[in-house]
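These notes concern the structure reproduced below.
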Amino acid sequence: MDIKVTVRAERGGTYVVDLNGEIDVYTSPKVKDALGDLIDKGHYNLLINLEKVRYIDSTGLGVLIGGLKRVREHGGSVRLICTNPQIRKIFDITGLVKIFGIYDDEEAAMRALV
Amino acid sequence: MDIKVTVRAERGGTYVVDLNGEIDVYTSPKVKDALGDLIDKGHYNLLINLEKVRYIDSTGLGVLIGGLKRVREHGGSVRLICTNPQIRKIFDITGLVKIFGIYDDEEAAMRALV
Amino acid sequence: MPLPQPSDTTDTVELRIPSKAEWVAVARLAVAAVASRLDFSIEDIEDVKLAVAEACTNCIQHAAGSDQIEIVCERAPGGLTVRVRDNGRGTRPEAIQSRRVEETRVGGLGVFLIRSLMDTVEYDVHPDCGTNLVMTKKVSS
Amino acid sequence: MPLPQPSDTTDTVELRIPSKAEWVAVARLAVAAVASRLDFSIEDIEDVKLAVAEACTNCIQHAAGSDQIEIVCERAPGGLTVRVRDNGRGTRPEAIQSRRVEETRVGGLGVFLIRSLMDTVEYDVHPDCGTNLVMTKKVSS
Ligand SMILES: Nc1ncnc2c1ncn2[C@@H]1O[C@H](COP(=O)(O)OP(=O)(O)O)[C@@H](O)[C@H]1O
Ligand SMILES: Nc1ncnc2c1ncn2[C@@H]1O[C@H](COP(=O)(O)OP(=O)(O)O)[C@@H](O)[C@H]1O
């Protein structure tokens, strides 16, 4: 019922944010803060790993959209790794699949040029 | 929230009952029926595998005790495989650890002579 | 033989949580447990879970003055009815509407998701006694 | 600044299930979710879960005429209070007692487990309005 957030620097100035748990109205502020910190520090190429996210609601989607809007102002990008079919379905239904790059694993996401 | 019961014959006339799921007031009749069937058919050496049981309540314990009482009337035995610490704790608290043979894996349970 | 009482035919599970973000997880897990007793598929359970969570989140974020959310699950013929009700000030019926999906902005997806994931969705809005949402999901066969 | 209301300090989660075996799982999962919000360890959550399930099972098996079980969880200082109440015919206070643990027979372990797993346990028995169990569990530090 909680969310664990881990951040690590990767090659090419990309920062990977590993999320583990459930993102809802209670836990999403923690994710929002982590993304906000990175962006405040000038990191605009983010790769958010949702592989270990078992649940996401519209508040969580809002945090991802908010992050995307901020990095785009600096020519950055938010790429997502998402394999859970239920969560992919939410990105499909909401059309967010069209505004995020969604990948099956970290390698594919790193290969995709910004 | 449900229980899956699988029965297989092993060497030495032992029958192994693999349980997978949760044993409570709703699901325990299914376990009771499976044990009853075996005993009705004259199989009195039972090995009940609780490794994949995530939860057991007093109704479930009652079914195991009931099975033990019936096979004992025929000189049989009920051995349990149980590795989940929470479930072992229940057997400890209730003193049932003293009336069942409780083992860490199937091999140890099979080795233990009746 | 006595006639079956209404309570024998209509099983109802009622839950009340404080109108606070931290308790939404309790609501969605309880409703998921109800749905799995009613033989919903894993995918359908996830749908109901998210719809209920979105409804609770809206009560918390928009129902001014609400301190409690009531969630009532009822076995319906071939499925499940869930009512989510707050005791806040309510809103205008026209306000219950998500943004267009094409628009990229934060927020405005909750009601859209509820309507996408459930089979029927009805809002009953009362300025005096809060918002009452009734939604149903059919067990897919 | 307005004074905090009682509902701000005492968070209460209320659940009502039909008095039937199939709904006990909903109660234990909901209470487990409440307990995990209150920072209980996994082991303590399992304890609370089992105690609540045993209490519900007793309502179903022994509370004659009960059709509903009410489970109320309240954040208590340093822990959790859970009330489990049926609306059955109730019993004599002396009847609320498990068998001796040494005795090998089916049944008679529920109340014993509740007393072993929780920190305080109080039964309030009313022949007219059912059995009311109040139990608490402290968060181990
Ligand atoms: N329980 C409620 N009480 C008051 N207003 C509500 C309630 N539920 C939904 N609404 C209204 O419906 C609108 C759309 O909700 P939603 O699609 O979830 O987007 P968001 O919550 O991000 O605004 C809300 O902005 C709000 O005005
Ligand atoms: N909610 C209840 N209503 C009526 N009687 C109860 C209730 N809870 C417990 N009891 C009484 O307490 C006794 C002991 O319960 P328990 O230890 O769980 O063993 P068992 O349920 O197997 O008899 C029951 O046999 C019953 O007489």
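FYI, side chains are in, hydrogens and waters are out, and symmetry mates aren't considered; it's all heavy atoms of this structure. Here is how names work: the chains are called A, B, and so on, in the same order as the sequence lines, proteins then strands, and each is numbered from 1.
Using a 4.5 Å cut-off between heavy atoms, Leu113(D) touches chain B through its side chain atoms alone.
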Present all donor-acceptor pairs from chain D to chain B with distances below 3.5 Å, rounded to 0.1 Å.
| unit_1 | atom_1 | unit_2 | atom_2 | d |
| --- | --- | --- | --- | --- |
| Arg28(D) | NH1 | Asp24(B) | OD2 | 2.7 |
| Arg28(D) | NH2 | Glu22(B) | OE1 | 2.4 |
| Glu43(D) | OE2 | Lys89(B) | NZ | 3.0 |
| Asp47(D) | OD1 | Gln86(B) | NE2 | 3.1 |
| Asp47(D) | OD1 | Lys89(B) | NZ | 2.5 |
| Asp47(D) | OD2 | Lys89(B) | NZ | 3.0 |
| Glu54(D) | OE1 | Ser58(B) | OG | 2.6 |
| Glu54(D) | OE2 | Ser58(B) | N | 2.6 |
| Glu54(D) | OE2 | Ser58(B) | OG | 3.3 |
| Thr104(D) | O | Lys69(B) | NZ | 3.1 |

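Separating the CD1 atom in Ile90(B) from the CG atom in Leu117(D) is a distance of 5.5 Å, to the nearest 0.5 Å.
The candidate with the highest count of non-hydrogen atom pairs below 4.5 Å against chain D, out of Ile93(B), Leu64(B), Leu68(B), is Ile93(B). Of the listed residues (Ile65(B), Val63(B), Leu61(B), Ile56(B)), the greatest number of heavy-atom pairs within a distance under 4.5 Å of chain D belongs to Ile65(B).
With a 6.0 Å radius and a threshold of 12 heavy atoms from other residues, nucleotides or ligands, Glu94(D) has its CD atom above the threshold.
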